[in-house]
Amino acid sequence: MDLYSHIIKLKSAVDVKESLFSGQSFLWDNYENRNDYYMTVIKRIPIIIRQLTDNKVEVISDSITVDSILISDFINNYFSVNVDINKIYAENFMELYPDIYSMLNGYYSLRILRQEPFETMISFMCAQGIGMHIIRKQVSMLKKFYGEKFSITFNGDEIILYSFPTPQQLANADLSQLSLCTNNNKLRAANIILAAKSVVEGKLDLNILGASEIPLAQLRNTLCQIRGIGFKIADCIALFGLGRFDAFPIDTHVKQYLGTWFKSTTALRSLTPANYLILDAEARTFLNPDFAGYAGHILFHCWRKEIKKLHSF
DNA sequence: TCCCAGGCCATGT
DNA sequence: ACATGGCATGGG
């Protein structure tokens, strides 16, 4: 079992309330409580981390080694601290869009996490045309129904957690019971079972897919072979689960800011597969193509918070 | 009541 | 190629 499989993110190490679902990005608190501590759970071991002023990650726990991997090395990779936030836009971005550039100032501490591919794939298959709270509910029910229950002790309290189910566990799931976890959507549940089976049978190897330097379009087309995965979800899996920061998922919010902020006329039309690819190409003219998705995600959160007045991640 | 929420797919033109 | 409706439910 690989190192990622038992990661659970918690919003705050001091006041543990709400775990993030896979696919959510992590925005360091860049406003006031810069010294807040956070906790992540790896292999059922609680790891306490803290943000440093340069958005690097400090691992508070003493050097822990799991499966011959130093946790601090793992954490720094997990939080993609090597990504230079100053190089994610095209070189002339600041001159072309000075207002947007300054508005993005509060969002540079956002880190895209290198999350476990299978967990990311299934989680995003639950994220279609439905509100964030329902997406979160679906993922948490999947874990509760099909994952393994375990507990850790933190600050003297016992915290009950559930690991994300393995491909085998979901492949063997009963359709009607799994539907309870997918907002009663039987089609979605069936698609998840099919996807899990293709992983179990070896027809889909996400680790090989992520490790190889295949072109983004080819990677996207491979993922789109799976029922229930289109361009947007495929790009999300690539961006959040396969470390492909060049993948640029276009959802309803991205479409909106492309039209409003960047005056794309294509963004005013319906998001057909053809228009998706046009928007994708357009975005790469004012973003660094190699980090288009990373930049896009910062724009995404800025749009949601500043314009749409939403506050969930 | 109506519309939208981090879409995808089958069907009809 | 494009438009439309179904899937599903909760919140503004």
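Below, read A as the first sequence line, B as the second, and so on, with proteins coming before strands; counting in each chain starts at 1.
Ile130(A) places its CD1 atom 13 Å from the P atom of dC7(C), with the value rounded to the nearest Å. Rounded to an integer number of Å, the gap from CD of Gln256(A) to C1' of dC3(B) is 13 Å. A straight line from CG of Leu178(A) to C1' of dA8(C) spans 15 Å, rounded to a whole angstrom. For Phe124(A) and dG7(B), the CZ to C1' distance is 12 Å, given to the nearest whole Å. At whole-Å resolution of the value, CG in Asn185(A) and P in dG7(B) are 14 Å apart. For Lys137(A) and dA8(C), the NZ to P distance is 14 Å, given to the nearest whole Å. The CG-P distance, from Asn183(A) to dG11(C), rounds to 12 Å in whole Å. Note: CG (Asp251(A)) to C1' (dC4(B)) measures 13 Å, nearest angstrom.
Remark: Asp251(A) engages no residue in a salt bridge (charged side-chain N to carboxylate O under 4.0 Å, His left out) (not counting sequence neighbours).
For Glu91(A), the CD atom sits in a loose shell: 12 or fewer heavy atoms of surrounding residues, nucleotides or ligands are nearer than 6.0 Å.
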Pair pattern of DNA chain C in dot-bracket, where unpaired bases get dots and | marks partners in another strand, Watson-Crick or G-U under 3.5 angstrom: |||||||.||||
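As judged by a 4.0 angstrom heavy-atom cut-off over every strand, Gln138(A) is placed among residues making no nucleic acid contact.
Between the Arg284(A) side chain and the Pro289(A) main chain, a donor and an acceptor come within less than 3.5 Å of each other.
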Contact state string [nucleotides 8-13 of chain B, B base, S sugar-phosphate only, - no protein heavy atom under 4.0 Å]: SSS---
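Listed by first and then second residue, the salt bridge (Lys or Arg N to Asp or Glu O under 4.0 Å) pairs that reach into residues 211-228 of chain A are Arg220(A)-Asp235(A), sequence neighbours excluded. Applying the salt bridge (Lys or Arg N to Asp or Glu O under 4.0 Å) definition to pairs two or more places apart or across chains, none involves residues 161-176 of chain A.
Closest to the side chain of His297(A), out of dG6(B), dA5(B), dT9(C), is dG6(B).
Aromatic rings from Phe124(A) and Phe240(A) are positioned such that their centres are separated by under 6.0 Å. Proximity of the aromatic rings of Phe286(A) and Phe262(A) is defined here by a centroid distance below 6.0 angstrom, and this criterion is met.
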Polar atoms only, N or O, under 3.5 Å: list the protein pairs with nucleotides 1-4 of chain C and their distances.
unit_1, atom_1, unit_2, atom_2, d
dA3(C), OP2, Ser270(A), OG, 2.9

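In terms of heavy-atom proximity, Pro117(A) sits nearest to Asn207(A) at CG-OD1, 4.0 Å.
Comparing dG5(C) with dC2(B), their P atoms are spaced 15 Å from each other, to the whole Å. A gap of 13 Å separates the P atoms of dG6(B) and dG12(C), to the nearest Å. Distance noted for atom P between dT4(C) and dC3(B): 14 Å (whole Å). When the P atom is used for both dC8(B) and dG10(C), the distance is 23 Å, rounded to whole Å.
Using a 4.5 Å heavy-atom threshold, the side chains of Tyr107(A) and Lys305(A) count as touching. In this structure the side chain of Asp73(A) never reaches within 4.5 angstrom of the side chain of Ile71(A), judged on heavy atoms. A heavy-atom distance below 4.5 Å is found between the side chains of Leu239(A) and Pro249(A).
Arg188(A) and Asn183(A) share no side-chain donor-acceptor pair at under 3.5 Å.
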